[in-house]
Undergrad: 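This is the structure, below, for whatever I ask next.
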Amino acid sequence: MWTGRFAQQTADLVQQFGESISFDWRLYRHDIRGSIAHARAQVAAGILTPDEFSAIENGLKAIEKRIEAGEFEFSTTLEDVHLNIESALTADIGPTGAKLHTARSRNDQVATDTRLYCREEIDNITLCLKELQKALLDQAEKHPAAPIPGYTHLQRGQPVTVGHHLLAYVEMFSRDLSRLADTRQRLNVCPLGSGALAGSTINLDREVIAQELGFDGVTTNSMDAISDRDYLAELLFNLSLIGAHLSRLSEDLILWSSAEFHFVTLSDAHTTGSSLMPQKKNPDVSEITRGKTGRLFGNLIALLTAVKGLPLTYNRDLQEDKEPLFDSVDTILLTLRVNSEMITAMTVHTDHCEAAASDPMLLATDLADWLVREGVPFRQAHELVGKAVAESLASQTPLDKLDLPAVDPAFKPEANEVFNLAKALRVRTNPGAPSPVNVEREVARWRAELGD
Ligand code: ARG
């Protein structure tokens, strides 16, 4: 493609080192779509005749079909997806194909292709995230009132409901959805027409190209447009945070499915056995999910590092943006899909959850609240309940069986009425609190939000 000024062939090792076709072939649909829009604008600018345009359009569509059918041979000598397609077009339709690259560079081409790719994948990831939210929502709806311990420091803290716990993840994933939508909106401008870095002396109608490609507008500085990879950094960050949320969910499920907790059983279809210990049933999906978070973070850091030292405008380092991008998109899509399926098929053992939540110690704070309602300042109430807890431990008497007035006369015999788990949950009705009524209302709100 650039033999004009070179006296030597590119060395084999350089070709091997610099090719990107082995991974950027995945951009072929976007590349072809961009080329057709670009060619159409060339007709309007008088560079191509309508017949030449038809030849280019049909030629590109035929190439697309061949790629889809696995009948297109990509060549590493032609470096990347852009050169592979352009050179096949010229081979197929003759010299007209050689007109396509007028007023265009691979620099604005690749920036356009990757924006189109990201836009499409954000839409796919959005659907998968909503599926996961629905899986969580279905489980929350089944168990709006089932008590379960809420933990801080992985120590039992206060009782909550199973539904409330699961809805916490629905909240996290909804923030992820809004971040994705935000990134999508920001990336949806068309760089085509920026050329190598300084536009072109041949002015194509950029607005029309942008419209054809479904962009909301055009980029407004050719140098920035060529070198901007912010949208990739944003997307890779968004995917990293989704990964972090999935990893936290995994950790809960790994704990919950252990014999020690026994709060859930994962289906046989979503667990694996041991090659040595016949009784084992392992939560591999959750573990792999937790493990894959590392590569999502790594991909983000790889991209940020590639970008950070670059002077304006395009530098070949930017080619290193694609493998992390593709890997993170592939990883998150599969991770979301398998987790949705696993959560749908999971059984919650509400009896075990309730047994764990029935430890009266979990209502120690409610007991302090009772004293507060009797007029005792909270710090003093905390101290008095602390004494009762110490007495309970020392005498090996459950907190709800203790003679509380004997610990301190501030406790009246009615104080014992605090130890009613169902009631303790029922009264937590403030917005955001875990009462069954709240959980039911939140499930309905999320259903409406997710259009379910
Ligand atoms: N394969 C290249 C990339 O991914 C396309 C742009 C090449 N531009 C250039 N000036 N060599 O970045």
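These numbers come from a predicted model, not from an experiment. Both counts, for ligands and for their atoms, begin at 1 and track the order of listing. Index from 1, following the sequence.
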Undergrad: Please compare K322, R106, H82, E320 and report which has the shortest non-hydrogen distance to atom 11 (N) of ligand 1.
TA: R106
Undergrad: Looking only at atom types and distance, does a side-chain atom of R428 sit under 3.5 Å from a main-chain N or O of A424, one as donor and one as acceptor?
TA: yes
Undergrad: Please state which option from D113, N107, D321 has its nearest heavy atom closest to atom 10 (N) of ligand 1.
TA: N107
Undergrad: Counting only nitrogen or oxygen atoms and a 3.5 angstrom limit, does Y314 reach ligand 1?
TA: yes
Undergrad: Once you measure the plane-to-plane angle for F378 and H382, does it fall in the parallel (<30°), tilted (30-60°) or perpendicular (>60°) bin?
TA: perpendicular
Undergrad: What about H352 and W256, are their ring centers closer than 6.0 Å?
TA: no
Undergrad: Can you tell me if Q109 contacts ligand 1 (heavy atom of the residue under 4.0 Å from the ligand)?
TA: no
Undergrad: At a 4.0 Å threshold, what atoms of ligand 1 neighbour a non-hydrogen atom of S20?
TA: 1 (N)
Undergrad: Which atoms of ligand 1 have any heavy atom of D80 under 4.0 Å away?
TA: 1 (N), 2 (C), 5 (C)
Undergrad: Give me the ring orientation class for Y151 and F261: parallel if the planes are under 30° apart, tilted from 30 to 60°, perpendicular past 60°.
TA: tilted
Undergrad: Using the six-membered ring wherever Trp is involved, compare the ring planes of Y117 and F326 and label them parallel, tilted or perpendicular (cut-offs 30° and 60°).
TA: perpendicular
